[in-house]
Amino acid sequence: MLEGFVEIPILSGSSFLSVTDNGLNFNKNVVKHMNKTEFIKILCNSNKKQIAIQQCEKNTENSVSFYRNEKNLQTGVRFNNREIQQMIASMMDWNLQEFNYRADGFMFDNETMIFDLNSARKFSKRNKQMTNY
């Protein structure tokens, strides 16, 4: 009777990508949905303004390290790749000096998560400057 059904993992909160002037961060739910895969490819559809990450093997061309250890389940995965960060900021006309951006992700298939940058939310940065009283 349940032929063709697959189990859907239930996680609290959403899976999201944060883009800041410090880099890209995939939260812990992304790591879990991607089955703690060790390597991914990062894909971009500039026409639709979407970023995708897809599971792959270590020897796959353009693969990058993703999940390394249990620490990633607490903090998520951070990429400090300026080229990707600036490509996204330029494509979206984002001001990373003044704002952070967050795009929710959805699983496309069992190996790929897509982030629609058109629906990303913009957040003001916290004021890091201390005020003397």
Side-chain angles (χ1 to χ4, degrees):
M1 176 147 180
L2 294 177
E3 187 175 320
F5 283 86
V6 293
E7 189 173 327
I8 299 171
I10 305 294
L11 302 173
S12 62
S14 62
S15 301
F16 62 84
L17 161 68
S18 297
V19 182
T20 72
D21 63 344
N22 293 321
L24 309 176
N25 187 62
F26 298 95
N27 76 339
K28 65 183 178 181
N29 285 352
V30 174
V31 175
K32 289 179 180 179
H33 275 296
M34 294 296 291
N35 299 315
K36 300 180 189 177
T37 189
E38 292 184 53
F39 294 92
I40 62 167
K41 293 188 298 184
I42 300 176
L43 310 164
C44 176
N45 183 328
S46 57
N47 291 331
K48 291 185 176 182
K49 297 188 178 183
Q50 295 176 331
I51 296 292
I53 58 174
Q54 184 177 52
Q55 294 178 26
C56 67
E57 299 296 323
K58 180 179 183 175
N59 60 352
T60 303
E61 187 175 354
N62 296 318
S63 69
V64 292
S65 177
F66 190 67
Y67 178 80
R68 292 185 206 149
N69 55 42
E70 290 301 315
K71 181 181 175 192
N72 290 139
L73 287 181
Q74 297 169 2
T75 61
V77 173
R78 177 175 265 316
F79 285 100
N80 296 322
N81 185 302
R82 284 273 191 229
E83 186 176 334
I84 295 172
Q85 171 198 22
Q86 292 303 317
M87 183 268 308
I88 291 171
S90 176
M91 178 175 64
M92 298 305 298
D93 196 27
W94 286 351
N95 180 347
L96 296 179
Q97 283 67 47
E98 293 185 35
F99 300 98
N100 296 325
Y101 300 85
R102 182 174 138 176
D104 289 334
F106 65 93
M107 289 302 291
F108 174 71
D109 56 27
N110 290 333
E111 298 180 350
T112 309
M113 182 168 281
I114 297 175
F115 302 89
D116 186 356
L117 303 177
N118 292 300
S119 61
R121 293 181 299 276
K122 177 169 69 172
F123 297 92
S124 295
K125 290 188 174 193
R126 294 182 185 143
N127 188 355
K128 295 180 182 179
Q129 207 171 31
M130 294 189 64
T131 306
N132 294 327
Y133 291 100

So how far is it from [X] [atom1] to [Y] [atom2], rounded to the nearest 0.5 Å?
X     : Y      : atom1 : atom2 : answer
Asp93 : Ile88  : CG    : CD1   : 14.0 Å
Ile40 : Met34  : CD1   : CE    : 6.5 Å
Leu96 : Lys125 : CG    : NZ    : 6.5 Å
Ile42 : Ile84  : CD1   : CD1   : 4.0 Å
Phe99 : Ser124 : CZ    : OG    : 5.0 Å
Gln55 : Lys41  : CD    : NZ    : 11.5 Å

Evaluate side-chain contact (heavy atoms from CB on, under 4.5 Å) for Val77 paired with Val30, printing each intermediate quantity in order. CA-CA 9 Å; Val77 173; Val30 174; over 6 Å; no

Exercise: identify the closest heavy-atom pair between [X] and [Y]:
X     : Y      : value
Cys44 : Met87  : SG-SD, 3.9 Å
Ile51 : Leu117 : CG1-CD1, 3.6 Å
Tyr67 : Lys36  : CD2-O, 3.3 Å
Asn29 : Ser15  : CB-OG, 3.4 Å

Any donor and acceptor pair, going by atom type alone, linking the side chain of [X] with main-chain N or O of [Y] inside 3.5 Å?
X      : Y      : answer
Asn100 : Phe123 : no
Asn35  : Thr37  : no
Tyr101 : Leu17  : no

Just do the side-chain contact (heavy atoms from CB on, under 4.5 Å) check on Trp94 and Val19 with the steps written out, would you? CA-CA 10 Å; Trp94 286 351; Val19 182; 3.9 Å; yes

Verify same cluster id: Val64, Ile53 (apolar side-chain graph, 4.5 Å): yes

Heavy-atom count around Gln86 CD within 6.0 Å, excluding the residue itself: above 12?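 It does: Gln86 CD has more than 12 such atoms within range.
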
Identify each donor-acceptor pair in which a side-chain atom of residues 102-116 lies under 3.5 Å from a protein atom, sequence neighbours left out, and give them as a table.
from: Arg102; atom 1: NH2; to: Ser14; atom 2: OG; distance (Å): 3.3
from: Asp104; atom 1: OD1; to: Ser14; atom 2: OG; distance (Å): 3.4
from: Asp104; atom 1: OD2; to: Arg121; atom 2: NH1; distance (Å): 3.3
from: Asp109; atom 1: OD1; to: Glu111; atom 2: N; distance (Å): 2.8
from: Asp109; atom 1: OD1; to: Thr112; atom 2: N; distance (Å): 2.8
from: Asp109; atom 1: OD1; to: Thr112; atom 2: OG1; distance (Å): 3.1
from: Thr112; atom 1: OG1; to: Gln54; atom 2: NE2; distance (Å): 3.4
from: Asp116; atom 1: OD1; to: Asn118; atom 2: N; distance (Å): 3.1
from: Asp116; atom 1: OD1; to: Asn118; atom 2: ND2; distance (Å): 3.1

